[in-house]
K.L.:
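My questions all concern the structure below.
Throughout, numbering of the chain's residues begins at 1 and tracks the sequence.
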Amino acid sequence: MVSRAEEGQLDLERRVVEPRQLVDGAVAAMQEAYARAGIALGAHVAPGLPVLDVDPERIHQVLANLLDNARHHTPTGGRVAVRAVQRDSDVVITVEDTGEGIPVDQLARVFERFHRGDAARTSGTGTGIGLTIARGIARSHGGTLVADSAGPGRGSVFALCLPATS
């Protein structure tokens, strides 16, 4: 699946979906795990967003990966926020955490196959392919997935940008 995702060869079952459906579904699926971890999980979807022509299962897979990563890298008492806004002709869904952050020199590498970051900072979970697949899914929808962080201890933001349906 990693190779197919990287090459844009994924089979997609597209349909028109409201961004709110995607965000609410992903947040609801993770609510219990976040509660057990003692991490606040919130969502805000801007009103009046345009619809998206996407494979909802694949986009859910991206959001689930981002939310799972945020949970693993955010300490108890931390916060994770999912937001959806319109930027130009795109809908941008962000997952922002108050977790351990990403060293600036690692930002470009987080989407590389098998990259797991600084071994001293990883929780021992995952295979290092989730973000590679997530980026491939974003690209197969004509979108992007990018990461940003001000550095260690300063949290992270992952932004999934998808073209809105006209």
Side-chain angles (χ1 to χ4, degrees), residues 1-2 5 17-47 49 52 54-87 90-138 141 143-162:
M1 179 159 172
V2 173
V17 181
E18 298 278 343
R20 177 172 297 285
Q21 282 181 273
L22 298 170
V23 171
D24 288 350
V27 168
M30 297 298 286
Q31 203 68 272
E32 188 175 316
Y34 269 75
R36 280 195 310 270
I39 300 168
L41 176 59
H44 173 74
V45 177
L49 292 179
L52 301 168
V54 297
D55 181 330
E57 295 301 318
R58 295 287 190 185
I59 298 302
H60 178 80
Q61 184 179 351
V62 172
L63 296 175
N65 177 270
L66 298 178
L67 286 167
D68 196 47
N69 286 348
R71 182 174 54 89
H72 283 294
H73 295 285
T74 300
T76 299
R79 293 179 321 279
V80 174
V82 183
R83 293 182 180 86
V85 298
Q86 185 171 357
R87 182 175 15 161
D90 297 324
V91 172
V92 180
I93 302 172
T94 58
V95 175
E96 181 174 358
D97 66 59
T98 59
E100 60 194 44
I102 303 168
V104 175
D105 65 333
Q106 294 289 309
L107 281 171
R109 300 191 61 220
V110 297
F111 296 102
E112 290 178 6
R113 190 187 292 211
F114 306 121
H115 179 73
R116 296 193 60 217
D118 180 355
R121 296 166 22 88
T122 59
S123 61
T125 62
T127 59
I129 61 171
L131 287 174
T132 304
I133 293 170
R135 180 176 261 183
I137 292 170
H141 285 84
T144 59
L145 179 61
V146 296
D148 192 26
S149 177
R154 314 248 338 249
S156 302
V157 180
F158 284 79
L160 172 63
C161 183
L162 297 166

K.L.:
Run the side-chain hydrogen bond (donor to acceptor under 3.5 Å, both in side chains) test against E32 and tell me which residues pass, sequence neighbours left out.
P.N.:
R36
K.L.:
Calculate, to the nearest 0.5 Å, the distance between atoms CG and CG belonging to L66 and L131 respectively.
P.N.:
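Interatomic distance, L66 CG to L131 CG, rounded to 0.5 Å: 6.5 Å.
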K.L.:
Show the nearest heavy-atom pair for residues G101 and S156, with the distance to one decimal.
P.N.:
CA-OG, 3.5 Å
K.L.:
Rounded to the nearest 0.5 Å, what separates atom CG in D55 from atom CD in Q61?
P.N.:
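One finds 9.0 Å between CG of D55 and CD of Q61.
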K.L.:
Looking only at heavy atoms, what is the nearest atom pair of A159 and T94, with distance?
P.N.:
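Heavy atoms of A159 and T94 come nearest at CB-CG2, 3.8 Å.
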K.L.:
Quick one: are D97 and I39 in side-chain contact, heavy atoms under 4.5 Å?
P.N.:
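Of all side-chain heavy-atom pairs linking I39 with D97, none is under 4.5 Å.
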K.L.:
Hey, could you give me each pair passing salt bridge (charged side-chain N to carboxylate O under 4.0 Å, His left out) that has a residue in residues 75-87? Not counting sequence neighbours.
P.N.:
R83-E96
K.L.:
Atom CG in L63, atom CD1 in I137: separation rounded to 0.5 Å?
P.N.:
10.0 Å
K.L.:
How long is the span from the CG atom in L67 to the OG1 atom in T74, to the nearest 0.5 Å?
P.N.:
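Nearest 0.5 Å value for the CG-OG1 distance: 10.0 Å.
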K.L.:
How long is the gap from CD on E112 to CD on Q106, to the nearest 0.5 Å?
P.N.:
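One gets 9.0 Å once the value is rounded to the nearest 0.5 Å.
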K.L.:
Show your working on side-chain contact (heavy atoms from CB on, under 4.5 Å) between I59 and V17 and close with a plain yes or no.
P.N.:
CA-CA 11 Å; I59 298 302; V17 181; over 6 Å; no
K.L.:
So, using side-chain hydrogen bond (donor to acceptor under 3.5 Å, both in side chains) as the criterion, who are the partners of N65 when residues are at least two apart?
P.N.:
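With sequence neighbours excluded, N65 shows a side-chain hydrogen bond (donor to acceptor under 3.5 Å, both in side chains) to N69, given in chain and number order.
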K.L.:
Rounded to the nearest 0.5 Å, what separates atom CD in Q31 from atom CG in L41?
P.N.:
5.0 Å
K.L.:
Shortest non-hydrogen contact from A29 to H60?
P.N.:
CB-CE1, 4.0 Å
K.L.:
What's the shortest heavy-atom distance between I102 and V110, and which atoms?
P.N.:
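Minimum heavy-atom separation between I102 and V110: CG2-CG1, 4.0 Å.
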K.L.:
Where is the tightest heavy-atom contact between A37 and T76, given as atom of each residue plus distance?
P.N.:
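Closest pair (atom of A37, atom of T76, distance): O-OG1, 3.1 Å.
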K.L.:
Are D68 and M30 packed together at the side-chain level, in the sense that at least one heavy-atom pair is separated by less than 4.5 angstrom?
P.N.:
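In short, these two side chains touch, coming nearer than 4.5 Å.
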K.L.:
Looking at every heavy atom in both T132 and F111, which two are closest together, and how far apart are they?
P.N.:
OG1-O, 2.8 Å
K.L.:
Does any non-hydrogen side-chain atom of R71 lie less than 4.5 Å from one of V80?
P.N.:
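Not in contact.
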